[in-house]
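The next block holds one structure in the form of structure tokens; read it before the comments.
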Amino acid sequence: VDFGALAPPAPKPLVAKAAAAYYVSPEGLDEWTGTLATANAARTDGPFATLDRARDCIRAVKKQGALPAGGVTVYLRKGAHARMETFRLTVEDSGTAAAPIVYRAYEGEKPVVLGGRIITNFVPWKGSILKADVGAHGLRGIYFRQLYYNGKRQVLARYPNFVPDN
């Protein structure tokens, strides 16, 4: 018996190869075309810096006419993509079955979309405790509930002391 003949057909890819591609990278600039995965040698063109710029570029393409057959893919490059506002997609950001609009990670990379700001310049304070001037990051007077350091959630300072069992 030829069991290969009984096997179901190979699944079709969920997303066909896009006719157009844009790239978004933390090292990009929104003034660039977004059509290069990395900056060129002269650093005059490369990926966009934000999802918003890629979305707005696709909106402009749609206003000029139909999306290209095969659609558009926006590839997010590795690194932290910090967001200060919600990334909003509306009905105008929809593709079609023949021309889908897809946002995905660049192959082999793991981008991280953060709903907040990146705080830098931590300095030693007491023992293994670090501190940072959040006011210098524009966060003075802003309450936040979570803090991550090197990818791990941290316990926020508490008064008088943090009690792990409480």
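Throughout, residue positions are numbered sequentially from 1 according to the sequence presented. Side chains included, hydrogens not; waters and symmetry mates left out as well; all remaining heavy atoms used. Nothing here was measured: the structure is a model prediction, and the numbers come from that model.
Between V134 and R140 the shortest side-chain heavy-atom distance does not fall below 4.5 Å. Taking the side chain as every heavy atom from C-beta outward, T120 and H137 approach each other to under 4.5 Å. Using a 4.5 Å heavy-atom threshold, the side chains of H81 and V24 count as touching. Looking at W32 and P47, their side chains come closer than 4.5 Å, going by heavy atoms from C-beta outward.
To the nearest 0.5 Å, atoms CG (D30) and SG (C57) are separated by 10.5 Å. A distance of 9.0 Å separates NZ in K78 from OG in S25, rounded to the nearest 0.5 Å. Atoms CD1 and CG, from I119 and D133 in turn, are 10.0 Å apart once rounded to the nearest 0.5 Å. Atom OH in Y22 sits 11.5 Å away from atom OG1 in T73 (nearest 0.5 Å). For the atom pair OG1 (T50) and CZ (R83), the distance works out to 7.0 Å, reported to the nearest 0.5 Å. Here CG of D52 is found 12.5 Å from CE of M84. Values are rounded to the nearest 0.5 Å.
Ring orientation note: the planes of Y23 and Y75 are close to parallel, at an angle under 30° on the 30°/60° scale.
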Side-chain donor-acceptor pairs of residues 58-67 under 3.5 Å, sequence neighbours excluded:
residue	atom	partner	partner atom	Å
R59	NE	D93	OD1	2.7
R59	NH2	D93	OD2	2.8
K62	NZ	E92	O	2.8
K62	NZ	S94	O	2.6

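Linking ILVMFWY side-chain heavy atoms closer than 4.5 Å, directly or via other members, places L76 and V72 in a single hydrophobic cluster.
Taking 4.0 Å as the cut-off between side-chain N and carboxylate O, D56 and R53 do not count as a salt-bridged pair.
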Practice task
Let me see the working for Y103 and F87 under ring-ring contact (aromatic ring centres under 6.0 Å, His included), right down to the final yes or no.
Solution key: CA-CA 12 Å; Y103 291 79; F87 179 58; 5.7 Å; yes

